[in-house]
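Below is one structure; the comments refer to it alone.
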Amino acid sequence: MQAEVNKFPGRIFPNSIWIPLAIAAVGAIIGIRVGDIGTAVFFVGYIWLAVVSFPFAAALYILAAPFPIGLIFLHHKFYVADFMAMVLAFKLFFANIRQGIKGLLDTFLPKPFRWPLLFILALSVLSLADSLSRVGTVIKILEYIEFFVVMVAVFRSAGKDEQVWNGYFTALFVVVGIIALYGLYQFLFQLGPVYNIVDGHHVRATGFFGQPNPFGAFNEETFPLAVALLTLGPAYLKRGWLILATIVTALGAVESYSRGTWVADAAAVFFMLVLIIVTRPELAKKFAWYSIGIPIAMFAVIFLLGKTNLSHSVLAPSAHKNTAERLKSTVTAIIHPQGHFDTNQRLLIWKSAVQAIREHPLFGVGLGNFHLFIQHHPPKGLAAVPPMAHNLYLEWGADLGVGGIIAGLWFEWSWIKGALTVIRHKARVLPDYWYAALVGAFGSTVAFIVHNWVDFLIDQGVIVPLLIALALISTGYHFYRTRSVV
């Protein structure tokens, strides 16, 4: 019998929360002027918060993760969120240590994803044998443990407590909304580099991610959760804030002008709709109206805003496509890749990744080290050295050897299988809340899987919606899986 998902009882906002919250807030303010002292004060307050309200501390992680606040150590950026995750990991570990090894395994390595995740971590350790940067690889291994082991366990510790999950959803929708609106500000006033110019007087939104694609992915992976809760969730959920969350996340996805984001969300909506038709067809019409209608409306909004010139800039070259032309090029880039600069560059990067796999088929070049390989072996015609392979499967193939490609496909299949196992077999007995949450989580994983054929989006902040989705799937699997599932 699988150990119970460990949950922390009590309200999200107990009376004892205010003093540690005030200390953390004071530390954050002091940190603006005196970094070291402010950081120390903040973490005194945060550790206290994790003790008195673990769910609230986890929600703060969601709010903090997308912001690049931190320090550089050994040429790697460490975020405040990384240290927050460390505090949460210790708290969760000591809360479950009495259950023994099996209890800890069930807490940190949920059954739906356990073996592929262990395979990835094992390959990552083995990749140290041929790693181009062992320090970089060790840091990346710790980062993967933070994401896929610690934070998934932290979120799923909520069990079936809808109040806690609503707190996580609220934190996610709030931070995505803030960043999406900041992206709109960037778009309207052309606050970005020249190479991101679109529609003459605007730029592709980047938020705090530095690039439009992760900004788009952050919104794209949140949209399925928001629209599912809005259209499939129970009547007691307040619809106003869910409508706003769905609109703003769709707006953020559009203003990124990321083709990968647009295709990923289209795929997510399509497969979510098919799943709903198969399991609860009476909900399909409402879902279709919102999931298709809102993104179309946001495309229209951005297209119309693209005709303004609030930046007062001189008209940029016609090569910078407007919204409609960019949407059209999403198709033509597939049909005629050589005619599109971005696609052509990706082909060169993928060629280099294949070269890395051929030269290091067993252990790879070390987790997170493909950028070093291509830096030393740049293909002819490459405009700039990329930070990654723009393809999860080729990235892991280059980093971890041939086994990395197998691991990536296996890991992602475990997400889909875990979600479908519960939804298909338990659709009629699932509470409306969990049906909506699991369908939304399924959509988020589909969006991630599709987008990562052309990008590599395992990074701080952008990964948070996926981690929440994986926590939902593993929690639903634990509580509602069929007896036929081993």
Side-chain angles (χ1 to χ4, degrees), residues 11-13 17 21 53 55-67 155 158 160-185 205 207 215-256 265 268-269 272 276 283 285-299 301-302 431-444 447 461-462 464-469 471-472 475:
R11 295 185 300 163
I12 299 179
F13 299 102
I17 199 175
L21 181 58
S53 179
F56 187 83
L60 284 183
Y61 174 93
I62 297 172
L63 292 172
F67 298 99
F155 296 138
K160 291 193 293 183
D161 192 329
E162 294 177 15
Q163 182 187 25
V164 175
W165 283 110
N166 284 338
Y168 294 159
F169 288 135
T170 300
L172 179 64
F173 297 154
V174 166
V175 74
V176 172
I178 290 171
I179 291 176
L181 292 176
Y182 176 61
L184 181 63
Y185 173 68
F215 171 89
F218 190 53
N219 289 273
E220 135 215 324
E221 291 168 25
T222 305
F223 176 77
L225 290 168
V227 75
L229 289 171
L230 171 64
T231 58
L232 310 175
Y236 80 79
L237 287 178
K238 294 180 179 179
R239 301 299 178 186
W241 72 283
L242 282 174
I243 291 175
L244 181 62
T246 306
I247 289 173
V248 173
T249 53
L251 177 68
V254 174
E255 70 197 16
S256 71
D265 260 346
V269 167
M272 289 168 74
I276 294 166
L283 300 174
K285 184 176 180 180
K286 182 179 181 181
F287 175 81
W289 273 109
Y290 282 90
S291 63
I292 298 173
I294 289 178
I296 290 175
M298 292 305 100
F299 269 105
V301 167
I302 293 298
D432 290 344
Y433 187 92
W434 277 96
Y435 179 78
L438 288 171
V439 171
F442 167 76
S444 294
V462 65
V464 168
L466 176 70
L467 302 183
I468 293 174
L472 286 165
T475 301

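Numbers here are sequence positions counted from 1.
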Stepwise, does the side-chain contact (heavy atoms from CB on, under 4.5 Å) test hold for Asn219 with Phe215?
CA-CA 7 Å; Asn219 289 273; Phe215 171 89; 3.8 Å; yes

Non-hydrogen side-chain atoms of [X] and [Y] separated by less than 4.5 Å:
X      : Y      : result
Phe169 : Leu237 : no
Phe155 : Leu472 : no
Phe173 : Val248 : no
Pro465 : Leu172 : yes
Asp265 : Pro224 : yes
Leu60  : Phe56  : yes

Give the minimum heavy-atom separation between [X] and [Y], together with the two atoms involved.
X      : Y      : value
Gly252 : Ala180 : CA-CB, 4.0 Å
Ser53  : Ile17  : CB-CD1, 4.1 Å
Pro55  : Tyr168 : O-CE2, 3.4 Å
Ile62  : Val175 : O-CG1, 3.9 Å
Gly440 : Met272 : CA-CE, 4.0 Å
Phe287 : Val269 : CE2-O, 3.8 Å

Taking atom [atom1] of [X] and atom [atom2] of [Y], what is their separation to the nearest 0.5 Å?
X      : Y      : atom1 : atom2 : value
Leu230 : Lys238 : CG    : NZ    : 15.5 Å
Ile276 : Lys285 : CD1   : NZ    : 15.0 Å
Thr475 : Leu438 : OG1   : CG    : 9.0 Å
Leu242 : Ile247 : CG    : CD1   : 11.0 Å
Phe223 : Leu225 : CZ    : CG    : 11.0 Å
Leu466 : Thr222 : CG    : OG1   : 10.5 Å

Looking at Ser444 and Glu221, would you say the former's side chain and the latter's main chain have a donor-acceptor pair under 3.5 Å?
yes

Keeping Glu255 on the side-chain end and Ala205 on the backbone end, is there a donor-acceptor pair under 3.5 Å?
no

Residues in side chain to side chain donor-acceptor pair (under 3.5 Å) contact with Tyr433, at least two apart in sequence or another chain:
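Once residues adjacent in sequence are excluded, the partners of Tyr433 under the side chain to side chain donor-acceptor pair (under 3.5 Å) criterion are Asn166.
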
Check Val254, Leu251, Ile294 against Phe299 for a side chain to side chain contact (heavy atoms under 4.5 Å, CB included) and give me the one that passes.
Val254

Not counting sequence neighbours, which residues clear ring pair (Phe, Tyr, Trp, His ring centres under 6.0 Å) with Phe218? List them please.
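If we apply the ring pair (Phe, Tyr, Trp, His ring centres under 6.0 Å) test to Phe218, skipping adjacent residues, the hits are Phe209.
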
